[in-house]
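What follows is one structure encoded as structure tokens, with my remarks underneath.
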Number of protein chains: 2
Amino acid sequence: MFSKSRVECPILRKKIMSADEAVSFLQDRHTVGMSGFTGAGYPKSIPAALVKKAKALKELGKEFRINLWTGASTAPELDGVLAEVDGINMRLPYQSDPVCRQQINEGSMDYVDMHLSEVSQYAWSGFLGKLDVAVIEVAGIHADGRIIPSSSVGNNKTWVEQADLVILEVNDQQSIKLEGMHDIYYGTALPPHRKPILINTPADRIGEQYLDIPLEKIVAVVETSAPDRNSAFALPDEISTQIADNIIDFFAHEIKQGRLPKELLPLQSGVGNIPNAVLSGLEKGGYKNLTAYTEVIQDGMLHMLKSGTLSVASATAFSLSPTALDDLNENIDFYREKIILRQQDISNHPEIVRRLGIIAMNGLIEADIYGNVNSTHIMGSRIMNGIGGSGDFARNGSLSIFMTPSTAKNGAISAIVPMASHVDHTEHDVKVIVTEQGLADLRGLSPRQRAKVIIEKCAHPMYKDRLTDYYERACASKRGMHTPHILNEALSWHESYETTGKM
Amino acid sequence: MFSKSRVECPILRKKIMSADEAVSFLQDRHTVGMSGFTGAGYPKSIPAALVKKAKALKELGKEFRINLWTGASTAPELDGVLAEVDGINMRLPYQSDPVCRQQINEGSMDYVDMHLSEVSQYAWSGFLGKLDVAVIEVAGIHADGRIIPSSSVGNNKTWVEQADLVILEVNDQQSIKLEGMHDIYYGTALPPHRKPILINTPADRIGEQYLDIPLEKIVAVVETSAPDRNSAFALPDEISTQIADNIIDFFAHEIKQGRLPKELLPLQSGVGNIPNAVLSGLEKGGYKNLTAYTEVIQDGMLHMLKSGTLSVASATAFSLSPTALDDLNENIDFYREKIILRQQDISNHPEIVRRLGIIAMNGLIEADIYGNVNSTHIMGSRIMNGIGGSGDFARNGSLSIFMTPSTAKNGAISAIVPMASHVDHTEHDVKVIVTEQGLADLRGLSPRQRAKVIIEKCAHPMYKDRLTDYYERACASKRGMHTPHILNEALSWHESYETTGKM
Ligand SMILES: CC(C)(COP(=O)(O)OP(=O)(O)OC[C@H]1O[C@@H](n2cnc3c(N)ncnc32)[C@H](O)[C@@H]1OP(=O)(O)O)[C@@H](O)C(=O)NCCC(=O)NCCS
Ligand SMILES: CC(C)(COP(=O)(O)OP(=O)(O)OC[C@H]1O[C@@H](n2cnc3c(N)ncnc32)[C@H](O)[C@@H]1OP(=O)(O)O)[C@@H](O)C(=O)NCCC(=O)NCCS
């Protein structure tokens, strides 16, 4: 099997063509659903061909812009290059690309920032409009047409079902041994036809190993050979390590109080240095048989699976450094028993998140003294990335932890502010806030009680007195003691940053 | 059965005592879980006895304050009278009482405002602290100890399981024919032991008809005879009717587009005039076989069940006018086949809300031009009621509709503001905003696209130009075009209201 080509299906072999030929199926203002989740499994050659096409059309005085739907963030070779030629009209549901970000913030690209779990149901229900073409990276196609998904699943199942036409990229740099790692669930439906989703532990498999695509929809197959965007992780710095230590201490305390089992509960964690530091802290802490039900498998999780700290990891994508990718490929038979890749409407599904009682750990941009969290906007107006899956997990999980260094931009910005300039996670959903300064456990507290612990435990010493002063003057104003605020000062820290570069 | 007394169980008959005697089990700083949800099924005599006790202790120079947990709001005879003697130290998870509200806003009562679906899991997991006593109204006790719940279920199952001691009030003004209407589910668990909850339609019964309480926990049984707080509903006014019409038109449009089935999807609706107007609009519109999966059964739903507009209604409580209550009691054999009362962790459960694809219709206090909704705070600081179940339904349902008159206080306040002074439902969760002016369908729109429809469709003509002006100047400031704001003006409308009494 797969001796030379990764395309063994004779019908599809006849549809093999170059990327430049394949993009003839893509027209100006088409809505295109592409594969790709956190830099894994995105198409490697169609985007560049689209850029060529857009440039050529521009020279003829014609526009070429698409509406681009993906799983989540992709890579410079997709979002970046397309944005550079003004090729993206509308983008959903998540991005983290510097060029996209700039265009969104300049107003030339529309961005619809959605909960990742909800994308497929809204595409299915039809109000996002028609999906013209799906462009999906896969790892191989068997003779009988069974399709082996790539290093991410994301929304691929939905895109191929919803699109009029499908273009496949078959990438021979994806390990062919990914086969068997995926679990594509075909039991979803729109209400009133929904049934319980029978996942009771992160290890449960409920679907198929292959992606099911009607052959007649597939209009082009493009062979590629290019790695995912695998960037090396920095070693945890002092601040990340301190944040991680605070979380590890908190877990130990909760176990002691009998409020968490010694295997904790299934972990979800965002991508980045702090989550990686938390994972390595758990490993050092001697935990065994933990589980992960999350979006992305990053370096730390592979270590943990090897050491037995983690017994199983369920996700929708990989996000690995080159070294970790080598490890995955070398030991893939071991990892295949312990890793499950699902579509993102299942990896992030409210029903499962609630049932499993997930511990959600996500980053934040700023939190206010009452526990409202902003994870998307800089100074109230500029998008950073998007809400991603953080809301799926924070709202429905059993414990929602938000983590951040207590300051940003070398101390010019306090992550704890009087009033958040944008709210993505409300006071009702934020259970724990943690910085390198300490951890605030907000469960069961009223807003004023929260203000005291957040200022005391989380704020940087540099900003503590000013926060306390704001809080005390807000109380003294007697305008309302449930959530005391001084309206004409509440956003003044942000305003000051915009005008003076310092809060 | 129940010839004279509603307490047929001989063991419990021996525990019958007066409310004044029963309150000897309640001490200063006790945490007390009481029954009661939206004015239904709250204890009728213990609160007054507590007030007497508190007053007597006060004369001796002693304090008497409890932490009070309930299902949701109760009645003046519970929240009101206890607050008046400063008898409530901490309150959760929801209230709508004027005296409580005043004390919370003055700072003398702590209020923990929680999603109603989450209360029981957080009580179970132990971090809300110990529950000392449960005080639960029931409709009757059979000879073998089976307990017939009252007109609301709320958190009663959790309170009796968690409390050290249980006091029952047996109220002979609750129809004894409520027997068989309840569905108390005993399959809930803390993670990692949770299993799927097998409700696939609002009509599904998965539990028991009776409340299971270990007899040895019950220390007192108090016989009462008093009606629930059943207030008459005002007839829908012009504004409510117009809001309802806008929603009904929207449903018709969605059905035409094939995005909603002709029986719609299970309806959740808040309590009040606008929801009642929507219900009567559906009835007039000729809808048949709709279903409701909601918190509260109000007058409109009884009519709809009778006419066949509604085939089944699942809720956790009644909230009826005296006339509707008479109708319920006279036709209870008919209604018992069509009404199911569940505990609130099931009526509001994220898993079920998502599976059923509920259409959530809730009120709002203010929305900003980008679709962030405030349902709890007046001018950023003063609590109105609380988030209640609105977040349970809005986040996980298939369609979240928020409704409000476009102005409040005779036009002095615009319900549409530049920036919400508090956020309970984020831009990611608010799908439709509707006022008497029109309906804004926000699905699939970017923030700036939303601003245009919200101002155009929802704002009162009196405020439209100023909102457009704010929006355009925010765009012109070029600080960030994803969500344009002018930081030092964003909350100025609220500030102006506080100082001048007008926005
Ligand atoms: C919130 C979030 C942006 C934090 O990112 P991170 O990489 O963990 O944290 P960092 O501290 O490195 O911050 C990232 C950037 O935001 C900036 N930043 C952080 N806090 C800031 C603040 N309060 N004000 C302004 N900028 C801030 C940092 O300076 C940094 O900018 P730079 O790259 O120009 O130096 C990120 O976690 C996110 O996008 N979250 C939402 C989606 C999510 O939670 N995904 C997980 C599940 S899908
Ligand atoms: C938001 C909410 C308060 C609206 O209440 P309502 O009774 O539907 O609407 P009303 O227009 O009568 O407003 C209620 C009060 O708020 C005031 N109000 C409304 N909008 C206001 C605003 N923007 N600023 C200040 N006050 C406002 C009204 O004037 C009125 O006050 P009054 O009683 O002193 O006259 C109510 O729906 C609520 O508590 N929602 C949260 C819980 C929930 O959604 N429950 C349903 C599922 S549990």
Side-chain angles (χ1 to χ4, degrees), chain A residues 104-107 110-115 121-122 125-128 190-192 194-196 198 200 258-259 261 265 350-351 354-357 372 377 379-383 387 391 395-396 398 422-424 426 428 443-446 449 479-485 487-488 490-491 494-495 498, chain B residues 104-107 110-115 121-122 125-128 190-192 194-196 198 200 258-259 261 265 350-351 354-357 372 377 379-383 387 391 395-396 398 422-424 426 428 443-446 449 479-485 487-488 490-491 494-495 498:
Chain A
I104 297 165
N105 289 327
E106 285 171 0
D110 271 317
Y111 176 46
V112 182
D113 178 18
M114 297 173 69
H115 298 297
Q121 79 171 0
Y122 288 130
S125 70
F127 69 73
L128 295 177
L190 284 178
R194 289 198 182 128
K195 293 278 174 285
L198 300 176
N200 292 327
R259 294 191 290 229
L265 286 165
E351 172 177 339
R354 169 76 172 223
R355 184 176 308 138
L356 300 183
N372 300 285
H377 283 64
M379 307 299 148
S381 288
R382 297 189 291 279
I383 192 73
I387 192 165
R395 168 66 66 89
N396 293 301
S398 63
H422 185 85
V423 177
D424 297 287
T426 76
H428 315 285
R443 297 173 298 177
L445 301 187
S446 68
Q449 293 170 329
R479 254 193 356 101
M481 287 292 277
H482 184 57
T483 307
H485 269 304
L487 289 172
N488 62 3
L491 298 172
H494 302 85
E495 213 192 318
E498 294 287 66
Chain B
I104 296 165
N105 289 326
E106 286 171 1
D110 272 315
Y111 176 45
V112 181
D113 178 18
M114 297 172 70
H115 297 299
Q121 78 171 0
Y122 289 130
S125 69
F127 68 74
L128 295 177
L190 285 177
R194 290 198 181 130
K195 295 276 173 289
L198 300 176
N200 291 327
R259 295 190 292 230
L265 287 166
E351 172 176 339
R354 169 77 173 223
R355 183 176 309 138
L356 300 183
N372 299 284
H377 282 65
M379 307 299 147
S381 288
R382 297 188 291 280
I383 193 75
I387 191 165
R395 168 66 67 90
N396 294 299
S398 63
H422 185 85
V423 177
D424 297 289
T426 75
H428 316 284
R443 298 173 297 177
L445 301 187
S446 68
Q449 293 170 328
R479 256 194 353 102
M481 287 292 278
H482 184 57
T483 307
H485 269 305
L487 290 172
N488 63 2
L491 298 171
H494 301 86
E495 213 191 317
E498 294 288 68

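Scope of the values below: all heavy atoms of this structure, side chains included, with no hydrogens, waters or symmetry mates. Protein chains get the first letters and strands the later ones, always in sequence-line order, with residue 1 at the start of each. No experiment lies behind these values; they were computed from the predicted model shown.
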Which atoms of B/Ile104 approach chain A - backbone, side chain, both or neither, heavy atom under 4.5 Å: both
B/Met379/A/His485 under side chain to side chain contact (heavy atoms under 4.5 Å, CB included): CA gap, chis, key distance, verdict: CA-CA 9 Å; B/Met379 307 299 147; A/His485 269 304; over 6 Å; no
Minimum-distance pair of heavy atoms, taken over all atoms of A/Asn396 and B/Pro350: OD1-CB, 3.4 Å
Engaged part of B/Pro484 at the chain A interface, taking heavy atoms whose separation is under 4.5 Å: backbone
Donor-acceptor under 3.5 Å (B/His428 side chain, A/Ile387 main chain): no
Over all atoms of both residues, closest heavy-atom pair of B/Leu491 and A/Leu487: CD1-O, 4.0 Å
Plane angle bin for A/His482 and B/His377 - parallel if under 30°, tilted between 30 and 60°, otherwise perpendicular: tilted
Side chains of A/Arg395 and B/Arg395 in contact at under 4.5 Å (non-hydrogen atoms): yes
With B/Glu495 via salt bridge (charged side-chain N to carboxylate O under 4.0 Å, His left out) - residues at least two apart: none
Donor-acceptor under 3.5 Å (B/Ser381 side chain, A/Thr483 main chain): yes
Side chain / backbone / both / neither for B/Leu356 at chain A, heavy atoms under 4.5 Å: backbone
Top contributor to chain B contacts, counting heavy-atom pairs under 4.5 Å, from A/Met114, A/Arg479, A/Glu498: A/Arg479
Largest heavy-atom contact set with chain B, pairs under 4.5 Å, which of A/Pro196, A/Ser446, A/Gly107, A/Gly357: A/Pro196
Selection from B/Leu265, B/Leu198, B/Leu128 maximising heavy-atom pairs under 4.5 Å formed with chain A: B/Leu265
For the student: nearest non-hydrogen atoms of A/Val112 and B/Gly444, plus distance: CG2-O, 3.5 Å
Residue among A/Met481, A/Arg354, A/His494, A/Arg382 with most heavy-atom pairs under 4.5 Å to chain B: A/Arg354
Test item: B/Arg443 side-chain N/O and A/Tyr122 main-chain N/O as donor-acceptor pair under 3.5 Å: no
Minimal non-hydrogen separation, B/Val423 against A/Val423, with atom names: CB-CB, 3.8 Å
Residue pair B/Arg259 / A/Ser125, side-chain donor-acceptor N/O under 3.5 Å: no
Validation row: A/Arg355, B/Arg194 side chains within 4.5 angstrom (heavy atoms): yes
Heavy-atom contact with chain B under 4.5 Å, split by part of A/Ile383: both
